[in-house]
Number of protein chains: 2
Amino acid sequence: MQPAVDPLSTTLSALADPTRRAILARLARGAATVNELAEPFDISLPAVSRHLKVLQAAGLISRGREAQWRPCRLEAGPLKDLDGWLASYRRFWEGSFDKMEAYLATITKGDPDGREN
Amino acid sequence: MQPAVDPLSTTLSALADPTRRAILARLARGAATVNELAEPFDISLPAVSRHLKVLQAAGLISRGREAQWRPCRLEAGPLKDLDGWLASYRRFWEGSFDKMEAYLATITKGDPDGREN
DNA sequence: GGTTTATTTAACAAGTATGTTAAATACAAA
DNA sequence: TTTGTATTTAACATACTTGTTAAATAAACC
């Protein structure tokens, strides 16, 4: 029943929506206006506007003010933080690399030159 | 309003809850039973049970069956997939590294030995 | 000033998430 | 077989999310 205010939760929950991830993917190729961002989707403009509000609240995008346009651009900070969080779990899927290394060590054992194949 | 949920959305939404992330952090140190996992939290056991159900549905944990216990263990697959998704954004925060390299190149320019400081 | 274009806010509906307590299930131990 | 321990399911309350349409705001254009 907590309002879920920690930044990582906010980031993850913002990213959990496929529409918002698609918006980020678009912004990865450069800044865009709300209408441009909305164009590929079958949802209303207010709905897109709200997605942008969520992304901005999470710090994943920032917005400018040019005439009547509010261009959005990607902000990578929260993604970097997420990457940092993920890093502590990385060893769990890099385990297979260890197995591969152990395997290679086995098949090259007894080879004085240490060639791997 | 879409019923089908893509795996990445499922992963992110499972991770968006701080209680569930704490559970994963605990499981990163080894398998645990539901009661063990519930112990640090101020929420009811059924609530924890439901968090585990969410994590399992997302493939982030798997469960055994030993006597009356259902031990949980971490499954890294979805985290690895998330890491793969994140990777395509990595260049956005590695840009500062490029700047650092450019900076270092500047201050070492004209130093025949190429020492960095 | 009045219109057009871009975007947001308001008001509302439907679905989902998370928590609770009480009861049910599964297995072990006595 | 009864009892205790571990865990889940049921039933319910509350709040959040996401979508809609209609109206409001902001700035450019004529």
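No hydrogens, no waters, no symmetry mates; every other heavy atom, side chains included, goes into these values. Naming: A, B, ... by sequence-line order, numbering from 1 per chain.
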Minimum heavy-atom separation for B/Gly30 and B/Arg26, please, with both atom names.
O-NH1, 3.1 Å
Could you pull out the closest heavy-atom pair between A/Ala14 and A/Ala58, with the gap in Å?
CB-CB, 3.8 Å
Atom pair distance, as rounded to whole Å: CG in B/Asp17 and C1' in C/dT16
14 Å
Does A/Pro71 offer a backbone N or O that forms a donor-acceptor pair with the side chain of A/Thr33 under 3.5 Å?
no
Of the listed D/dA27, D/dT7, D/dT20, the closest approach to the A/Ala47 side chain comes from D/dT20
Under 4.0 Å between a side-chain N or O of B/Arg65 and OP1 or OP2 of D/dT8?
no
Ranking A/Glu66 and A/Leu45 by the position along DNA chain D of their nearest nucleotide, the one closer to 5' is A/Leu45
Nearest non-hydrogen partners of A/Ala32 and A/Leu27, listed with the distance
N-CD2, 3.8 Å
So how far is it from A/Leu60 CG to A/Thr11 OG1, rounded to the nearest 0.5 Å?
5.5 Å
Residues from residues 34-44 of chain A sitting under 4.0 Å of DNA chain C, heavy atoms only?
A/Val34, A/Asn35
Quick check: on DNA chain D, is the nucleotide nearest B/Gln68 upstream (toward 5') of the one nearest A/Gln68, or the reverse? Name the residue that is more 5'.
B/Gln68
Do any side-chain nitrogens or oxygens of A/Arg70 fall under 4.0 Å of OP1 or OP2 in D/dA27?
no
What does B/Ser13 touch in the nucleic acid at a heavy-atom separation under 4.0 angstrom: a base, only the sugar-phosphate, or nothing?
nothing
What one should report as the nearest heavy-atom pair of B/His51 and B/Thr19 is CD2-CG2, 3.8 Å
Closest non-hydrogen atom pair between B/Leu12 and A/Leu15, with its separation
CD1-O, 3.2 Å
Return the residues of residues 49-61 of chain A meeting this criterion: a heavy atom under 4.0 Å from some atom of DNA chain C. Order them by number, or give none.
A/Ser49, A/Arg50, A/Lys53
Of all heavy-atom pairs between A/Ala28 and B/Arg91, which one has the smallest distance, and what is that distance?
O-NH2, 3.3 Å
